[in-house]
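Let me begin by presenting the structure, written as structure tokens, before commenting on it.
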Amino acid sequence: MHRQWPASASRCRCGFGVYMTYPYTAFREEIHTALARAIRKEYGTDVAVRLEAPSEHADAAFPCFPLAGVAKASPRDIARRLAAGMEGEWIDRVEAVNGYLNFFICPEQLGREVLSLVDAMGDRFGALEDRGTSVIVEHTSANPNGPLHVGRARNPIIGDTLARLFRWAGYRVETQFYVDDMGKQVATLLWGIRNLDLKTEGDKEDHRLVAYYQRAHARAAEDEEVDEQIKDIIRRCEEGDPEALGAVKEAYRGVLAGILQSLERINISIDSFVEESRFVREGTVQQVIQRLQESPYAGREGGALYLDLEPFGVHGRNKKFFLTRTDGTSLYATRDIAYHLWKAQQADRLVNVLGEDHKLEAQLVEIALTILETTVPVPVFYSFVSLPEGKMSTRRGRVVHLDDLIEEAVERAHREVKKRREVPEETARHIAEKVGTGAIRYNIVKVRPEKAITFRWEDALNFEGQSAPFIQYAHARCCSILRKAGDAGVSPLPGSGFDHLQEIRLLKTIALFPDVVESSSQSCNPAALAEYAHTLAADFNLFYRDCQVLGSDREEQRLALVRATQITLRNALELLGIAALEEM
RNA sequence: GGGCCCGUGGCCCAGCCUGGAUAGGGCGGCAGCCUCCUAAGCUGUAGAUCGGGGGUUCAAAUCCCCCCGGGCCCGCCA
């Protein structure tokens, strides 16, 4: 029923080499210590203290049920008995209810600490201390044969959000795009560009060039001669022929540029691009084949090398994992192994964002990497995005391109802005761009990756409720209040003394942010972050409704709380790659 | 046929890893709230056999088994 706290503590670097403990971490540690002591004293036993995360019942709860057996007492009695000795600077009060020990955090202490921490850390509030660990996040890695469609866009959005999360969680992060420059897709594209004379329209290269790919694909299907010519390109690439590889690169360059333009518009940039062919050129694929054929699992069928994966629990047809063809040339997965060996040399951890269709391949590669005794990557699989009428298919013209979705979302946002406020056109354009693209990112990232998505325009263009604009709007409201208060308005550390229900609720949610960074990064679950951002915005809206800020006799404290909310919302949006607008 | 994943009010999603207190949100429906810090907001209301069935347990949406429905995969393709 209830979530548990993240296993490890969240701490931050505050100022110069001074480490501070985030409020809820301190609260939790205090409870752990007090509980362990009390349980040992009362029942003479050591149990692992598991606390439940904040809920409507308590800010932290300890279920006494598991203790009932050893303590030979009812959970209710245990709770009552343990409640007596619980105190500390963070623990405001303890209640024994229904066999639970419910802890409440001290609002005074929380108010003081949260406000000073947010003030001191600013746009680093929520960040965790450096772990001295590096991680490479591989994402997108789309075949550069045409523009991104909405289905493929799930990959960069998940990947980029994960990369941002890891950075905040204290890792040194690099993102990589693995460029498949040896496959049939790019070879087909090259053939098309060389042999076809098409009139193409559009102002982005990926949209112009995809027509060559599509037409060439169709030609290859009906003309064996064409198919042979394409296969010849692939063959030469696999042999590492620099001329062929250069030509392929020249062909896909424009498509890739177009893809990157689209990604840039949704605030995604990728640190480095790694060409698959380099592992052939540099001979590392051959080394992989060499090393694996010496392993006890190697076998041959015809001239083709394979690994027998039966000892690893792989059965059926998949147990023979082929590394080469009969002619000795490498296969996609073999080159992927070489890529991972290379990656393992430059980072401590590897995370790969992959479509669920790559599950089997990833499993096989993982086993090979285990045999080679190197870093095994952590995969994050996502399910496909389909349309109400079925699977997305470029060939059948049943796709929604990311660029079209962006256009539509931005245009719709623009209409909304014009409808609501009178602002200069330039401002309206800016807001519309950030609202529209933010809505797209949020709409995709809020759903857990393993859930299949059916794309519906009305969901994608929803600007209310669980959406980016809802969160952006709360942020804009904060900014508006702060703007009106003026420079002198917010003193950094007013005496705390929050007592309104909504003030305290908001304070608690702000304080939870570092824990969300910790847990969602550890579980590679950006959807949890998206949910948090919505909760924070919703809690602010309640505060906004019930607590007048400007002109109230508590103006100073409340302004400080608004400021802390604004910073936390901005940081959460930054993690989601969504613009924190100051006005909407 | 085999493997992996998903199945929570009309619709979409969280909670499942690590079992516990009235199953949370959002959209849509209905009824309301702008002389007051931006109504992309807020309030109320109706609506749930947590796909079905067994099992484990003091306790199951959560763990185990079986079944049903959907997705993905099962090339010397990428």
Side-chain angles (χ1 to χ4, degrees), chain A residues 1-5 7 50 52 55-58 61 63-66 68-69 74-75 97-100 102 143 180 182-186 234 276 301-306 314-318 320 322-329 331-333 335-336 355-361 363 381 383-384 386 391 413 416-417 419-421 435 439 446-448 450-454 456 458-459 462-474 476-485 523 527-528 530-531 534-535 537-538 541-542 544-552 555 558 562 583-584:
Chain A
M1 175 103 258
H2 292 289
R3 276 178 260 194
Q4 248 137 17
W5 288 98
R50 283 223 133 105
E52 285 177 2
S55 68
E56 76 250 57
H57 302 292
C64 301
F65 304 85
S74 77
V97 183
N98 296 335
Y100 285 86
N102 288 337
N143 278 315
D180 175 13
M182 304 189 61
K184 187 154 191 175
Q185 319 246 25
V186 280
I234 300 171
E276 187 177 352
E301 191 171 291
L305 175 71
Y306 68 84
V314 181
H315 303 290
R317 283 180 272 201
N318 303 323
K320 282 183 185 171
F322 280 92
L323 298 170
T324 72
R325 299 191 179 87
T326 304
D327 66 7
T329 54
L331 293 162
Y332 172 80
R335 300 189 289 267
D336 204 12
E356 62 174 336
D357 54 333
H358 276 67
K359 276 187 179 178
L360 179 60
E361 194 257 349
Q363 189 199 356
F381 295 109
S383 294
F384 285 163
S386 59
K391 273 171 83 166
E416 292 293 321
V417 177
K419 200 168 81 188
R420 290 157 209 278
R421 302 182 62 220
V435 166
K446 73 176 176 181
V447 180
R448 286 185 69 117
E450 62 267 27
K451 292 255 193 182
I453 295 180
T454 303
R456 291 190 181 84
E458 65 262 38
D459 295 337
N462 173 34
F463 295 163
E464 294 170 359
Q466 270 175 2
S467 71
F470 177 94
I471 302 160
Q472 290 171 309
Y473 188 72
R477 276 179 155 179
C478 291
C479 290
S480 175
I481 292 174
L482 295 168
R483 216 168 24 240
K484 289 198 163 111
S523 57
E531 197 188 12
H534 176 261
T535 303
N541 284 335
L542 296 181
Y544 183 89
R545 179 196 62 191
D546 293 343
C547 302
Q548 180 69 30
V549 178
L550 299 174
S552 82
E555 182 174 302
R558 286 182 174 170
V562 171
E583 60 174 327
M584 283 174 73

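These numbers come from the heavy atoms of this one structure, side chains and all, not from hydrogens, waters or symmetry mates. Since the structure is predicted, the reported quantities are computational estimates derived from the model, not experimental observations. Convention: sequence-line order gives letters A, B, ...; per-chain numbering from 1.
- Neither OP1 nor OP2 of B:C76 sits under 4.0 Å from any side-chain N or O of A:Tyr332.
- Among the atoms of the strands shown, only primed sugar atoms or phosphate atoms (P, OP1, OP2) are found under 4.0 Å from some heavy atom of A:Arg335.
- On the P atoms, B:C76 is 36 Å away from B:C63, given to the nearest whole Å.
- Closest approach to the A:Ala61 side chain among B:C37, B:C76, B:A21 is made by B:A21 (side chain taken as heavy atoms from C-beta onward).
- Among the heavy atoms of the strands lying under 4.0 Å from A:Glu301 is at least one base atom, whether or not backbone atoms are also near.
- Atom OH of A:Tyr100 and atom C1' of B:C58 are 13 Å apart (whole Å).
- With B:G1, B:U22, B:G41 as the candidates, the nucleotide lying closest to the side chain of A:Phe470 is B:G41.
- Phosphate contact (OP1/OP2 of B:G15, side-chain N/O of A:Arg448, threshold under 4.0 Å): present.
- With sequence neighbours left out, A:Asp327 forms a side-chain hydrogen bond (donor to acceptor under 3.5 Å, both in side chains) with A:Thr329.
- Here the separation of B:A31 from B:C37, taken at their C1' atoms, is 28 Å to the nearest Å.
- Taking the C1' atoms as reference points, B:C16 lies 31 Å from B:G29, given to the whole Å.
- A:Ser480 contributes atom OG, which lies 6.5 Å from atom OH of A:Tyr544 (distance to the nearest 0.5 angstrom).
- Between A:Phe381 atom CZ and A:His358 atom NE2 the span is 9.0 Å, to the nearest 0.5 Å.
- Nucleotides B:G53 and B:G9 place their P atoms 15 Å apart, quoted to the nearest Å.
- Residues satisfying the side-chain hydrogen bond (donor to acceptor under 3.5 Å, both in side chains) test with A:Glu583, not counting sequence neighbours, are A:Arg421.
- Residue A:Gln472 is out of contact with every strand shown, counting any heavy-atom pair closer than 4.0 Å.
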Given pairs defined as Watson-Crick or G-U wobble with both distances under 3.5 Å, what dot-bracket annotation applies to RNA chain B, with ( ) intrastrand, [ ] crossing, | other strand and . unpaired?
(((((((..((((......[...)))).(((((.......))))).....(((((..]....))))))))))))....
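- Nucleic acid contact class of A:Val314 (heavy atoms, under 4.0 Å, all strands): none.
- Remark: A:Phe322 pairs with A:Tyr306 by the ring pair (Phe, Tyr, Trp, His ring centres under 6.0 Å) rule, at least two apart or across chains.
- Within 4.0 Å of A:Val562, counting heavy atoms only, lies no atom of the nucleic acid at all.
- Checked against side chain to side chain contact (heavy atoms under 4.5 Å, CB included), A:Val562 has the following partners two or more places apart in sequence or in another chain: A:Cys478, A:Ile481, A:Leu482, A:Phe540, A:Phe543, A:Val549.
- Applying the side chain to side chain contact (heavy atoms under 4.5 Å, CB included) rule to A:Leu323 yields the partners A:Leu292, A:Leu305, A:Leu307, A:Phe321, A:Thr334, A:Ile337; only residues at least two apart in sequence or on another chain are considered.
- When each of A:Asn102 and A:Glu583 is assigned the nucleotide of RNA chain B with its nearest heavy atom, A:Asn102 is the one assigned upstream, toward the 5' end.
- A distance of 10.0 Å separates NZ in A:Lys391 from OG in A:Ser386, rounded to the nearest 0.5 Å.
- For the pair A:Ile481 CD1 and B:C36 P, the interatomic distance rounds to 15 Å; values are reported in whole Å.
- Residue A:Cys64 is out of contact with every strand shown, counting any heavy-atom pair closer than 4.0 Å.
- Comparing B:C64 with B:C17, their C1' atoms are spaced 15 Å from each other, to the whole Å.
- Remark: A:Ile234 pairs with A:Lys184, A:Ala187, A:Ile230, A:Glu238 by the side chain to side chain contact (heavy atoms under 4.5 Å, CB included) rule, at least two apart or across chains.
- Nucleic acid contact class of A:Leu542 (heavy atoms, under 4.0 Å, all strands): sugar-phosphate only.
- Looking at residues two or more places apart in sequence or on another chain, you find a side-chain hydrogen bond (donor to acceptor under 3.5 Å, both in side chains) between A:Glu416 and A:Lys419, A:Arg420.
- Every side chain to side chain contact (heavy atoms under 4.5 Å, CB included) that A:Ala439 has, sequence neighbours left out, goes to A:Phe463, A:Pro469.
- A:Glu276 places its CD atom 13 Å from the P atom of B:C77, with the value rounded to the nearest Å.
- A:Glu276 meets the side-chain hydrogen bond (donor to acceptor under 3.5 Å, both in side chains) test with A:Arg335; sequence neighbours excluded.
- Among the atoms of the strands shown, base atoms are found under 4.0 Å from some heavy atom of A:Gln548.
- Within 4.0 Å (heavy atoms only), A:Asp459 reaches no atom of the nucleic acid at all.
- The distance between atom CD of A:Glu52 and atom P of B:C16, rounded to the nearest whole Å, is 11 Å.
- In this structure, A:Asp180 CG and A:Gln185 CD are separated by 7.0 Å, a value rounded to the nearest 0.5 Å.
- The interatomic distance linking A:Arg477 (CZ) with B:C37 (P) rounds to 10 Å, in whole Å.
- With C1' as the reference atom, B:G47 and B:G25 are 15 Å apart, rounded to whole Å.
- Between B:A60 and B:U22, the two P atoms lie 13 Å apart (nearest whole Å).
- Backbone-only contact: A:Arg545 has heavy atoms under 4.0 Å from sugar-phosphate atoms and none from a base.
- Per the geometry, NZ belonging to A:Lys451 stands 16 Å off P belonging to B:C50, to the nearest Å.
- Two residues, A:Val97 and A:Val447, neighbour RNA chain B, and the one matched to the more 5' nucleotide by heavy-atom proximity is A:Val447.
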Distances for protein N/O vs nucleotides 66-73 of chain B N/O pairs under 3.5 angstrom?
from, atom 1, to, atom 2, distance (Å)
B:G71, O2', A:Glu356, OE2, 3.2
B:C72, O4', A:Glu356, OE2, 3.2
B:C72, O2', A:Glu356, O, 3.4
B:C72, O2', A:Asp357, N, 3.4

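- Remark: A:Asn318 is not in phosphate contact with B:C74, judged by side-chain N or O atoms under 4.0 Å from OP1 or OP2.
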Distances under 3.5 Å between nitrogen or oxygen atoms of protein and nucleotides 24-26 of chain B:
from, atom 1, to, atom 2, distance (Å)
B:G25, O2', A:Gln466, NE2, 3.2
B:G25, N2, A:Gln466, OE1, 3.3
B:G25, N3, A:Gln466, NE2, 3.4
B:G26, O2', A:Gln466, N, 3.3

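- Between the CZ atom of A:Arg50 and the C1' atom of B:G19 there is a distance of 11 Å, given to the nearest Å.
- In this model, the phosphate group of B:C77 is approached by a side-chain N or O of A:Arg325 to a distance below 4.0 Å at OP1 or OP2.
- If you take CZ of A:Phe322 and P of B:C76, they are 5 Å apart, rounded to a whole angstrom.
- Here, B:G7 and B:A48 have their C1' atoms 14 Å apart, quoted to the whole Å.
- Within the 4.5 Å cutoff, the side chain of A:Val314 has heavy atoms near those of the A:Gln363 side chain.
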